[in-house]
Engineer: 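Attaching a single structure in structure tokens format; questions to follow.
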Amino acid sequence: MISLRIDGRLIKAEEGERVLQIAIREGIDIPHLCYHEAFEEPYGSCRLCIVELKEGGSSRITTSCTLMAREGMEIKTDTPEVIKHRKLLLELYLAQAPLSNNIKKLAERYGIKGTRFHKTLNLEDPLGGKCILCGLCIRACREIIKASAIGYIGRGEATRINTPFLEENPDCIGCGSCANICPTEAISFEDRDKRRIMRSWSNTQVNLKICKLCGHPFTPEPLWLKVKEKSTYTPSEEIEEVCPNCRIKIVSKRLVKPYSL
Amino acid sequence: MRVRSLDDLKAIAQRALEKLCGRRIRIAVGLATCGIATGAEEVYSAFLKGIESLKRDILLTKVGCIGYCREEPIVNVVIPGKALLLLSRVRPEDASEILKNLIDGDVPREKIVCRVKEWDHLLEKIHYGDGFTDVSLYEDTPFFKHQRKIVLRNAGIINPEDIEEYIAVGGYRSLYKALTEMTPEMVIEEVKRSGLRGRGGAGFPTGLKWEITAKSESDERYIICNADEGDPGAYMNRNEMESDPHSLIEGMIIGGYAIGAKEGIIYVRAEYPLAISRLQIAIEQSRRYGLLGENIFGTDFSFDIRIVKGAGAFVCGEETAMIASIEGETGRPRPRPPFPAEKGLWGKPTNINNVETWCNIPVIVYKGGEWFSKIGTKNNTGTKVFSLVGEVQRVGLVEVPLGTSLKRIVYDIGNGCPDGLKVKAVQIGGPSGGCIPEGLLDIPVDYESLKEVGSIMGSGGMVVMSERTSMVETAAFFVSFTSEESCGKCAPCREGLKQMLNILNKILMGKGSPSDLELLKELSETIKTTSLCGLGQTAPNPVLTTIKYFKEEYEELIKRYD
Ligand SMILES: Cc1cc2nc3c(=O)[nH]c(=O)nc-3n(C[C@H](O)[C@H](O)[C@H](O)COP(=O)(O)O)c2cc1C
Ligand code: SF4
Ligand code: FES
């Protein structure tokens with residue numbers, strides 16, 4: 001164990017733990033968009049989590065999600081310098097993602113209502129106006145779901161996220177983890193008839209599994225297969241291809257049985 | 001043959017010296033990319049034809065570039081016992097005349113740049129001889145006079161495709177010394193003592209980096225040579241590889257021994273086909289001679305080198321992006337720490353150095369760190385190669401001791417702007433460098449002084465700009481480069497540079513307002529402070545320095561709108 005100070009508070013932590021993680025655990029507010037607890041390694045793309053680090057005689061500004069805790073560190077999360085850069089970053093985000101309410105809210109917390117920068121809205125990009133390219137969706141798809149259905153396209157200011165060659169991608173299992181993890185709610189999909197249509201991902205279509213009892217679609221078929229393959233738990237045949245609603249009915253029936261005997 | 005001892009090396013050297021200054025006339029055509037671009041291949045063919053028809057035993061060979069690019073194609077000739085002569089702007093139709101003269105023991109005077117009585121290859125000296133006393137000496141020629149060649153000690157003199165010529169001028173003797181007389185720790189100590197700092201841009205102490213990598217706990221380690229040279233207009237590394245590839249290879253083998261690596265990778269720009277092919281030839285030759293591969297010099301040290309071609313993105317020159325690229329991923333930087341020295345290629349400790357950094361190693365090992373540390377200034381030892389380009393009369397590659405003043409380089413070596421124009425500024429450090437105004441050219445080129453005036457050393461690009469240049473346009477040009485080359489991962493670099501270019505273009509179109517200047521400054525500070533990698537952290541430099549030193553040009557453009 002080591003101890004460090006964040007905004008004056010003495011905090012104990014494991015050596016090598018990341019400062020942002022410690023702050024979150026301790027209820028200290030540091031804004032962040034590209035960090036998510038699901039990943040072991042930080043990514044460092046949004047740069048909002050900057051803090052001021054004092055060590056030895058000098059101080060510098062660095063991202064807290066990548067910063068490993070060391071004995072005697074002194075961290076300040078809201079010096080005028082930090083706030084100044086954070087505000088400017090938020091202005092850049094407002095110009096990049098003028099349609100995102102979450103970004104607007106975040107900016108308002110810092111008293112920013114508008115941006116001095118030229119707003120860009122790429123209407124050809126289904127994520128345009130909302131996505132801030134934090135990379136979480138790509139990482140979730142690749143590192144957690146292991147589908148790698150989406151990735152970056154282009155580089156520099158022309159970077160965007162989609163399926164390779166903007167074509168429907170059969171690697172997508174329609175799980176929706178991307179939409180779930182997105183901090184700006186930029187990703188959309190819809191379930192229509194027996195299919196899930198990934199609006200943001202070149203309209204990739206994924207078949208939905210049909211409940212053998214009620215006949216309603218309940219989950220993307222490839223996701224269902226993947227879970228079945230990975231899971232060590234084997235459900236009884238009775239509930240295997242059954243939607244959650246019908247499952248509850250079956251299970252509750254089973255549970256009440258002894259009393260009705 | 002496999003070289004096993006110092007005697008073996010010396011025997012080869014003896015034999016090869018005959019090629020460099022023996023009993024035959026030697027004609028060496030400068031065939032690096034710069035020479036080839038001006039027609040050196042045709043010159044070579046013309047000499048070949050001429051020699052065949054004369055039926056004389058004349059040695060025709062190729063060499064790299066001696067750096068005086070303005071005077072290409074350059075040919076150097078040696079008449080046995082006489083001084084080596086550097087001939088400039090040789091055209092194919094000059095070949096027969098030159099040959100005729102050579103046979104008579106003479107050379108057409110109007111072609112001669114200078115003569116070399118003796119060349120110091122640092123590990124070995126070559127005495128060519130006297131003669132042609134009416135021709136000025138190399139060391140009195142303005143372009144060469146203030147230079148000091150360490151990295152380029154062999155460039156333009158030896159044949160880069162012949163390992164034996166490299167051995168003739170002392171090649172692989174440093175490796176022999178390191179492997180047989182020194183422990184790895186002693187090699188690192190020597191590099192530390194030399195004070196050598198990385199030539200890839202940041203100037204990190206090389207010996208210290210080696211030590212950290214060597215001490216990182218691991219069963220495997222790697223070394224990488226960064227030959228991705230992406231700065232527009234810069235070609236130092238290209239020339240170093242094309243003109244003297246064995247210097248780099250020897251430096252890397254020594255590094256592998258010191259650091260405890262078995263494999264080295266040269267990550268080289270795909271746009272450098274000639275450098276790649278010469279490196280391949282050199283690697284092949286050193287393997288054949290037992291200087292690379294299993295049991296080098298018959299010791300139990302084994303080390304090999306492979307070449308990886310770059311992915312064609314500027315940001316791949318950044319070390320963590322380079323590692324990602326070698327691993328087959330997209331070249332996007334990763335957060336540091338962990339630093340490559342602790343966790344690099346395939347998660348193993350990895351030491352990355354620039355081509356030029358590696359090329360200094362054989363000299364340091366042979367002559368000693370102490371010797372090296374006396375060149376340059378106290379905290380900036382050794383020399384640095386610059387590509388002197390732009391509006392300057394004597395365009396070329398110049399190698400000077402660190403601490404040399406910019407004035408000396410721009411005026412004494414480069415002879416200022418052409419057409420009687422005045423020098424306005426010098427841009428140093430590649431697209432992320434700063435524009436230094438003429439009034440500040442007294443400063444010495446060293447890492448700290450350049451930083452103080454808002455620039456960086458970078459890898460050694462030096463662009464001279466005349467009074468005709470618009471500084472706002474210059475800033476916009478560099479920002480459009482970095483904005484396009486930004487990997488797109490982090491927001492300040494990707495979004496910030498895009499917005500910066502927007503504002504600059506607005507000002508250039510005469511639609512800027514005074515608040516835009518403030519916004520540019522604010523934006524610059526945030527991009528510098530918060531970007532993930534060195535690209536974003538330095539990209540605002542051209543804007544900041546031009547606002548600082550040439551503010552009136554911005555104001556002039558803005559006033560037009562009011
Ligand atoms: C955007 C960017 C581009 C770079 N390009 C190069 C390059 O082309 N060549 C190089 O040697 N170093 C380049 N570097 C620096 C490397 O990251 C690294 O510091 C260097 O290779 C270390 O070698 P040294 O210690 O010998 O200088 C670049 C850095 C950045 C941020
Ligand atoms: S600074 Fe630029 S190049 Fe470096 S990681 Fe950020 S976006 Fe990529
Ligand atoms: S959370 Fe640290 S950079 Fe995004």
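Treat the numbers as computed from the prediction; the structure is a model and nothing was measured. Proteins get letters first, then strands, A, B, ... in listed order; numbering begins at 1 in each.
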Engineer: Which answer fits B:E495, side chain, backbone, both or neither, if we ask what part of it has an atom under 4.5 Å from a heavy atom of chain A?
Structural biologist: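 Contact with chain A involves both backbone and side-chain atoms of B:E495.
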Engineer: Given the options A:K84, A:H85, A:R60, which has more heavy-atom pairs under 4.5 Å with chain B than any of the others?
Structural biologist: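 Of the options given, most contacts go to A:H85.
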Engineer: For residues A:N169 and A:S202, is any side-chain donor paired with an opposing acceptor at under 3.5 Å?
Structural biologist: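 No.
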Engineer: Could you have a look at B:P492, B:S483, B:G496 and say which one has the most heavy-atom pairs with chain A under 4.5 angstrom?
Structural biologist: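 If we count pairs closer than 4.5 Å to chain A, B:P492 comes out on top.
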Engineer: Between B:S432 and B:T482, what is the shortest heavy-atom contact and its length?
Structural biologist: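 Distance-wise, the nearest heavy atoms are OG-CG2, 4.1 Å.
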Engineer: Would you verify whether the NZ or CZ of A:R18 falls within 45 degrees of the ring axis of A:Y35 while also being under 6.0 Å from that six-membered ring's centre?
Structural biologist: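 Output no; distance or angle outside limits.
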Engineer: Examine A:R86 relative to A:Y110 and say whether NZ or CZ is less than 6.0 Å from the centre of the six-membered ring and inside a 45° cone about the ring axis.
Structural biologist: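 No, A:R86 and A:Y110 do not form such a contact.
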Engineer: Check each atom of A:L33 against the heavy atoms of chain B and say whether the ones under 4.5 Å are side chain, backbone, both or neither.
Structural biologist: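 The answer is neither part of A:L33.
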Engineer: Please flag which part of A:I50 lies under 4.5 Å from any non-hydrogen atom of chain B: side chain, backbone, both or neither.
Structural biologist: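 Contact with chain B involves the side chain of A:I50 alone.
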Engineer: Given that the side chain runs from C-beta out, which part of A:T159 has a heavy atom under 4.5 Å from chain B: side chain, backbone, both or neither?
Structural biologist: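 Only the side chain of A:T159 comes within 4.5 Å of chain B.
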Engineer: Quick one: what part of A:Y43 sits under 4.5 Å from any heavy atom of chain B, side chain, backbone, both or neither?
Structural biologist: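 Both backbone and side chain.
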Engineer: Between A:T63 and chain B, which part of the residue has a heavy atom less than 4.5 Å away: side chain, backbone, both or neither?
Structural biologist: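 Nothing of A:T63, per the 4.5 Å heavy-atom cut-off to chain B.
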Engineer: I'd like to know if A:E17 pairs up with A:R25 as an ion pair, taking the criterion as any Lys NZ or Arg NE/NH1/NH2 lying under 4.0 Å from an Asp or Glu carboxylate oxygen.
Structural biologist: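 A salt bridge is present here (some side-chain N lies under 4.0 Å from a carboxylate O).
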Engineer: To the closest 0.5 Å, what do you measure between CD (B:E319) and CZ (B:R336)?
Structural biologist: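 So the CD of B:E319 and the CZ of B:R336 are separated by 4.5 Å.
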Engineer: Would you mind checking which part of B:L523 comes under 4.5 Å of any heavy atom in chain A, side chain (CB onward), backbone (N, CA, C, O), both or neither?
Structural biologist: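 It is both, since atoms from each part get that close.
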Engineer: Flag the pair A:R155 and B:E485 as a salt bridge only when some basic side-chain nitrogen lies within less than 4.0 angstrom of an acidic carboxylate oxygen.
Structural biologist: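 A salt bridge is present here (some side-chain N lies under 4.0 Å from a carboxylate O).
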Engineer: At a heavy-atom distance under 4.5 Å, which candidate from B:Q499, B:K498, B:E522 has the highest pair count against chain A?
Structural biologist: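 The option with the most such pairs is B:Q499.
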